[in-house]
Structures are given as structure tokens and as C-alpha cells.
Amino acid sequence: MSTASTAPVPVSRVHHWAAEADVLVAGNGCAGASASIEAVAAGAEVLVVDAAGGWGGATAMSGGEIYLGGGTSVQKACGFEDSVDAMYAFLKLATGPDPAEDKLAVYCEGSLEHFDWLVRCGVTFVPKLWTEPSWEAPTGYGLMYTGGENAYPFAGLVPPAPRGHIVHMEDKLPGERSAGWMLIKNLTATQERAGVEVRYNTRAERLVVDGERVVGAEVVTFGERYFVRARRGVVLAAGGFAANPAMLSQHAPRLATGTFLVGTDNDDGRGIRMGQAVGAAVRHMDAGLAAFPADPALLYRSLLLNGRGHRFINEDTYPGRVGQATVFQQDRKAFLLYDETTNEEAARLAEHVVQPTWVSDDLGELEKEMGIAPGVLAGTVAVYNAGAERGEDPEWHKAAQWLRPLEPPYGVLDLREAPYGVFTIGGLHTSTRGEVLNAEGDPIPGLFAAGRTTSGIPSWGYCSGTSLGDSTFFGRRAGRAVATA
Ligand SMILES: Cc1cc2nc3c(=O)[nH]c(=O)nc-3n(C[C@H](O)[C@H](O)[C@H](O)COP(=O)(O)OP(=O)(O)OC[C@H]3O[C@@H](n4cnc5c(N)ncnc54)[C@H](O)[C@@H]3O)c2cc1C
């Protein structure tokens, strides 16, 4: 991780521009690639630099789920009705507190056009719904619920529709060889056809300013530093800060310990700090995805208990929502309680099979192992079982299809020490055009940003697909805006 200063360089100190373009984009993940494609389409000459040795960033590692809706051809072919209003209403609830209402409005309004643009870039989606609880769908499925739309509390508030559009990729291996690679492969192929110059192993280190205006950047490649002039502006698309322990401790301490990086080492927050160094405001820097550390196939069918033996969320919602609730509200203290039938079902369906930490016919004995007060577990199970007999969950409203009274012998999976995969979703404050805003809410001339360098659609609550969706959609808008700046 580079520790070089991000303090901006006054243009008076630049004696030679070693390269120049209308637009300089820092980062060639999905946000930067999308920005570059649209900037060229709007008539700009674009140079992209990326600190890594090739394209991809976190995008290439991702599951390739993109949050789209409003009645896409994939949704229709799978038999779902959706509307812009329903998509907006759901995201407003699910991404709060403090949802980015202005961004949500243009995002939902533009979702069908964005779907068509991705298809024009060569991205394909198979019109087939995947319904098993999981982080990723196997090859051959192009649509799934990725935000808890069909679960409590949202299902009762907004007509549910699946909106996780999964990029098609042959021979996927969920978690190891995922579809995000196919997304960025198509975006960078489109970028190449458009004639964008990309320089790899080239890190943007700090911005160059002429008064308040950003006019370029200093970059470094294999130890050699040079200045790149950006006649119309710079787009920061350099990912988030989950790989920067100091920034995590400072801004998102709950994500700093007991977690592992979901992203790349270049998620070091430099893009955000470069923006801050010229006066940019930030938003929701404490927010992030925290992936619940048990297989969704087991989670949905179990009772999720906190450190005191009580349930605290419906287990059948989006596992990222469960992860956030556990990390931010329960101090990462969680147990899964289930029985033999559940264990067998989950073992058949789960992506990773695990054995329970303790097994017993006696809830009192398990309570002692778990360190919770006597009688609490019996009460929790009695309430759950009584509801399940009637096909309902009066406490947390888990859907009837996941309810079944638990029977001895019981198993408990102790997740108190289990690490959570995290990436950050807070970042630079931007307008819907991708302009970076200062503390007064005014655009900083010549500076734009997109993707996880910014705070976007997933402002606090996260749904799978909103990061790739936000990064590509607002990357495009930043590209168009900077090209005409
Ligand atoms: C395993 C995994 C699964 C995921 N699944 C999904 C999913 O299904 N759906 C979803 O929406 N999201 C998913 N995500 C999250 C999503 O992939 C990222 O949030 C998203 O790709 C961010 O895009 P980006 O363009 O902002 O960043 P990136 O794709 O990380 O691109 C940033 C680029 O900037 C470069 N860079 C960094 N610093 C500099 C610098 N100073 N100068 C020049 N270049 C720099 C990096 O090398 C990188 O190439 C997943 C992430 C992971 C890791």
C-alpha cells in the first residue's frame, strides 16, 4: 500500500506534462471502464491509469450480480412484473438510513436503458430464475432475489420482484471463478474498441490543482513519477478502502476487526483521500457490506441467535443484511441453532458444509456451552416451534416455506469468532452527474468520481448488485459529465 502523500500539487510546480488527455480516469474496474466508454462516446480523448497489472479490480472477483429492474426483458421472461416506482420504494427502504434519494430516482428511472447498454457492451443474461438461498447462482441462471425483496419486512411493504441480474458466464465456480470477470471483460473490450488508452502498473498518487480546479494528476509507474494533464477533468474510480487498516479503524471500526477483505489490495482508499485533499466531502464512511459467515442454505433453515440466545432478524432475508445486523447491532455474536433434518438438507444444498460446534438433545446443556442464561434457549425454541406448527413466525415473520418445528438432537454452530468478508460502501460525496462535492455541496471544478470511491446507491444498507449497478451506472454519468465539462 502506497503511503505517499495525497496533498495536491499546485500547477505552478508542474514543469512538464508527460502525458495529456481531455479526461484522466484513475482505476479500470467497472466504474472507471464505464466512465471511459461514455466519455469517449461524448467526444473526449481519454487516458485511463490503473495501479494493477491488468484490468478488473474487485469487479473481476465479484459475483456479477447487477441490481436492475423496472421490467427488464429478463424479469418479464421469468414471469415477474416490476415498475420503476416499486424498485425505488424498495431501494429507499433497504439502503437506508439516509438513502440517496436523488441517485435512487435517476438510477431506477434509467435502469432499463442501463440494462440495454450493458447488453450492447456484450454482457448477456440468461432469463432463468434461481431460488435457492445462496450468494451466487450457478451457471445458467440470470435472475435472483438479492436484497430480501420477498422477505419480511419488505415483502409486506412493496410488491416484491427479483432484481439481481446475473451476468452469464460458462463454467462458473461460485466464490472462485465468478461472473464479475465476464462483466469487466466485456466492458474493457468495449473500451478497447472505443480507442481508450489504458496504462497499467500506473498509480494516480495526487491531484494537480490550478486554484480550485483539478487539472491533472501525478502518477507513478515502477518508481517513475510524471504528471498527466486532464484538460476537462479527472475521474476517481479507484475502489474503496477495505484494504486500508488505518482508514477502517478511523472511519469504520466495526469493519476493522474480525473481518477479511472482499476486494483487492488496491482498495487502499487513495482515491477517497485524493478527493478529500482537495476539499471533497465524504458520506457514510462507516458503512460496508459484512457477509454473514454461514452458508445461506443453512442460515435460512436455522434459528439465528445473538449472544443472549434471542433471535434478532428473520433468517430468510438477504444474508448481507443479516451480516450488517450482526456486526453493527450484535457485536458479531451469533449462533445458529438447528436440528438433524436441517443439517441434512443444508449439507445437500450448501456451498460449504460445516459441522455443528455442539450437538445435544438437551437445550439446557447447549445453553451452558453457549454461555447464555438458563431457560432462555428453551423459551426461544418453544416460541419458534409453536409458531412453526401453525406455519407462522409471529416474532420475525420468516416465510412459511422455511418454517418447521425443530426436534432433538439439536446442533449449534458457534459463529462468535467467525470472520466476516467486508468491503466499504462509504466514500466521496458526489452529485447524480458524478461531480465531486465539497462540504458546502458545491462541485469541485474538474473533479468527478464513481464506484466505491464514492458513496452511492448502497448508501448504508446494502443489497447484492447495487455496487456493480451503481458503479457502472454512475460511472457512465461521470464519463458523460466530465467529457462536456
Ligand atoms: C468476491 C466479491 C463478490 C462481489 N459480488 C458482487 C456482486 O455480485 N454484485 C455487486 O454489485 N457487487 C459485488 N461485489 C462488490 C463489487 O465487486 C465492487 O464493489 C465493485 O466492483 C467496485 O467497482 P469499482 O470500479 O469501484 O472498483 P474496482 O472494480 O475495485 O476497480 C478499482 C480499480 O482502481 C484501481 N486503483 C486503485 N487505486 C488506484 C490508484 N490510486 N490509481 C490508479 N488505479 C487505482 C484498482 O487497481 C482497480 O483496478 C463483490 C466483490 C467481491 C470481491
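Everything quoted here is computed from the prediction, not taken from an experiment. Whatever order the structure lists ligands and atoms in, that order sets their numbers, starting from 1.
- Other residues, nucleotides and ligands contribute only 12 or fewer heavy atoms inside 6.0 Å of the CD atom of Glu192.
- Among residue pairs with one or both ends in residues 51-70, those qualifying as side-chain hydrogen bond (donor to acceptor under 3.5 Å, both in side chains) are Glu65-Ser464, Tyr67-Glu149, Tyr67-Arg163; sequence neighbours excluded.
- Protein residues having at least one heavy atom under 4.0 Å from any atom of ligand 1 are Gly27, Asn28, Gly29, Cys30, Ala31, Val49, Asp50, Ala51, Ala52, Gly56, Gly57, Ala58, Thr59, Met61, Ser62, Gly63, Gly64, Glu65, Thr202, Arg203, Ala204, Ala237, Ala238, Gly239, Val262, Gly263, Asn266, Arg270, Phe423, Gly451, Arg452, Tyr462, Gly465, Thr466, Ser467, Leu468, Ser471, listed by chain and number.
- Tyr420 and Phe292 have perpendicular rings, their planes meeting at more than 60° on a 0 to 90° scale where under 30° would count as parallel.
- Between Arg206 and Ser5, the side chains place no donor N or O within less than 3.5 Å of an acceptor N or O (distance only, hydrogens not considered).
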> ring-ring contact (aromatic ring centres under 6.0 Å, His included) between Phe154 and Tyr145: does it pass, once the steps are laid out?
Replying inline: CA-CA 12 Å; Phe154 307 115; Tyr145 287 96; over 10 Å; no

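- One distance of note links NE2 of His168 with CZ of Phe125; it measures 11.5 Å at 0.5 Å rounding.
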